[in-house]
S.K.: 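After the structure tokens below, expect a handful of questions from me.
Position 1 is the first residue of the sequence, and the numbers go up from there. What you are looking at is a predicted structure, and each value in this text was computed from that prediction instead of being measured.
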Amino acid sequence: MLRSLFGSKAHARVFMPPGLTLPAGVAEAHRRRHPPATGQSKSGQTQNFIIFSDGTADGDAAAQAMLDKAESDYAATQVWFGGLTPPGLPFYVYADPNAGGAYHMTCAGTDVHVLSDPVRAPGFLTAEIVEVFEAAINNGWDCGVTNGESLSRVLAFERHPEIAAEFNPTEQDWWAQGHGDYVNDNSAGDTDQIASGCGDLFLYYVHSQLTFDWTTMCGAGGPTKQGFTDFIAALSTIDQGGTLTLPPSGNPFPTKT
């Protein structure tokens, strides 16, 4: 049953909370392996990560939070992707007040900028770790379009539920705007929050309602496109006047059908 969720398309690089975009010029200014002149200094290193801070209090705290959690998040992601080790390691990670959320220059890029927020930074970094694994496994997940963006989101929420509620409006907005089919149509880019809201919920449905584990889903390239009608029917059971009854995690499944 598990075959090619959504389709595959172009590259993308950003993981942003609803309502935010990467400031103009920030990505263009990004350079691989930043020199010390950029104001970044090394905060610490683990087996797979070198973490930098801009020297501000928030930057230092975010860098330390990522140092504390990055290896365990990497290990969990590696299990989900069948023990794969992606190329380009170690990750070079920059606590960056201009990041908005998190970004890297390609789906496979292991130079990552993450917002300078010690509570949220580990979760946003996890989303980018997942995208690097998506590129390495190369089986249909694409961080540039809905399927890969949504997978990186829900797996980041799995590890870091503290950031999940921030994205619940995207799920509600998708439902309120007519709940279009962004499963069979995977053409939306990673910044399309409506499409990602649909993708998040569909992945939750396959995982929690249809009981496929994350490792199976990641390894198969995503769940089947079939079943969108059943997915909508399941969500209809938690529709309250055009609004979905969602927990803070964003995952309402399993529902009673």
S.K.: Answer yes or no: is there a donor N or O on one side and an acceptor on the other, between the side chain of T126 and the main chain of P122, under 3.5 Å?
M.R.: yes
S.K.: Do the rings of Y94 and H113 sit parallel, tilted or perpendicular, given the 30° and 60° boundaries?
M.R.: tilted
S.K.: Could you give the distance from CZ (F212) to NE2 (H207), rounded to the nearest 0.5 Å?
M.R.: 12.0 Å
S.K.: So, N186 side chain and N147 main chain: donor-acceptor pair closer than 3.5 Å or not?
M.R.: yes
S.K.: May I have the step-by-step check of side chain to side chain contact (heavy atoms under 4.5 Å, CB included) for L67 and Q45, ending in yes or no?
M.R.: CA-CA 7 Å; L67 282 166; Q45 182 171 356; 5.8 Å; no
S.K.: Identify the two heavy atoms, one from L84 and one from A136, that lie closest to each other, and give their separation to 0.1 Å.
M.R.: CD2-CB, 3.5 Å
S.K.: Could I get the full list of ring pair (Phe, Tyr, Trp, His ring centres under 6.0 Å) partners for Y74, not counting sequence neighbours?
M.R.: F133
S.K.: Between CG of D111 and CZ of F52, what distance do you get to the nearest 0.5 Å?
M.R.: 8.5 Å
S.K.: CG/L235 to OG1/T255 distance, rounded to the nearest 0.5 angstrom?
M.R.: 7.0 Å
S.K.: If every non-hydrogen atom of I137 is compared with every non-hydrogen atom of C218, which pair is closest and at what distance?
M.R.: CD1-O, 3.8 Å
S.K.: When rounded to the nearest 0.5 angstrom, what distance separates CZ in F91 from CD1 in I50?
M.R.: 12.0 Å
S.K.: Return each pair, listed once, that meets salt bridge (Lys or Arg N to Asp or Glu O under 4.0 Å) where at least one residue sits in residues 63-86; pairs must be two or more places apart or across chains.
M.R.: D73-R159
S.K.: Just verifying a value: how many Å separate C198 SG and E171 CD, rounded to the nearest 0.5 Å?
M.R.: 10.0 Å
S.K.: By ring pair (Phe, Tyr, Trp, His ring centres under 6.0 Å), which residues pair with Y204, not counting sequence neighbours?
M.R.: none
S.K.: Taking the side chain from H179 and the backbone from W174, do they hold a donor-acceptor pair closer than 3.5 Å?
M.R.: no
S.K.: Please enumerate all residues that pass ring pair (Phe, Tyr, Trp, His ring centres under 6.0 Å) together with H160, with sequence neighbours excluded.
M.R.: none
S.K.: State the CE-OG distance between M66 and S116, to the nearest 0.5 angstrom.
M.R.: 7.5 Å
S.K.: Between W214 and L155, is there a donor-acceptor pair closer than 3.5 Å when you use the side chain of the first and the backbone of the second?
M.R.: no
S.K.: Quick one: sort the Y205 and F253 rings into parallel, tilted or perpendicular, breaks at 30° and 60°.
M.R.: perpendicular
S.K.: Does anything in residues 46-60 pair up under salt bridge (Lys or Arg N to Asp or Glu O under 4.0 Å), and if so which pairs, sequence neighbours excluded?
M.R.: none
S.K.: Working note: F124 + L115, criterion side chain to side chain contact (heavy atoms under 4.5 Å, CB included); need CA distance, chi angles, decisive distance, verdict.
M.R.: CA-CA 8 Å; F124 279 76; L115 75 172; 3.7 Å; yes
S.K.: Backbone N or O of E134 within a donor-acceptor pair of the N139 side chain at under 3.5 Å?
M.R.: no
S.K.: Can you sort out the partners of T85 under side-chain hydrogen bond (donor to acceptor under 3.5 Å, both in side chains), two or more places apart, ordered by chain and number?
M.R.: Q78
S.K.: With sequence neighbours excluded, what pairs up with N138 under the side-chain hydrogen bond (donor to acceptor under 3.5 Å, both in side chains) test?
M.R.: none
S.K.: Could you give all pairs that pass the salt bridge (Lys or Arg N to Asp or Glu O under 4.0 Å) test and reach residues 200-209, with sequence neighbours left out?
M.R.: R153-D200
S.K.: Sequence neighbours excluded, which residues qualify as side-chain hydrogen bond (donor to acceptor under 3.5 Å, both in side chains) partners of N251?
M.R.: S208
S.K.: Please find the pair of heavy atoms, one from G59 and one from A95, that lie closest to each other, and give the distance.
M.R.: O-CB, 3.6 Å
S.K.: Between E149 and S196, is there a side-chain donor-acceptor contact under 3.5 Å, judged purely by atom types and distance?
M.R.: no
S.K.: Tell me, please, which residues at least two apart from A164 pass side chain to side chain contact (heavy atoms under 4.5 Å, CB included).
M.R.: F157
S.K.: In chain order, what residues pass the side chain to side chain contact (heavy atoms under 4.5 Å, CB included) check against A195, with sequence neighbours excluded?
M.R.: T146, Y182, A188, D192
S.K.: Are the side chain of Q172 and the backbone of L244 linked by a donor-acceptor contact shorter than 3.5 Å?
M.R.: yes
S.K.: Of all residues at least two apart in sequence or in a different chain, which pass the side-chain hydrogen bond (donor to acceptor under 3.5 Å, both in side chains) check with W80?
M.R.: none
S.K.: Can a side-chain donor-acceptor contact be found between T170 and D173 if the only test is distance below 3.5 angstrom?
M.R.: no
S.K.: Could you walk me through whether D239 and T237 pass the side chain to side chain contact (heavy atoms under 4.5 Å, CB included) check?
M.R.: CA-CA 6 Å; D239 182 309; T237 66; over 6 Å; no
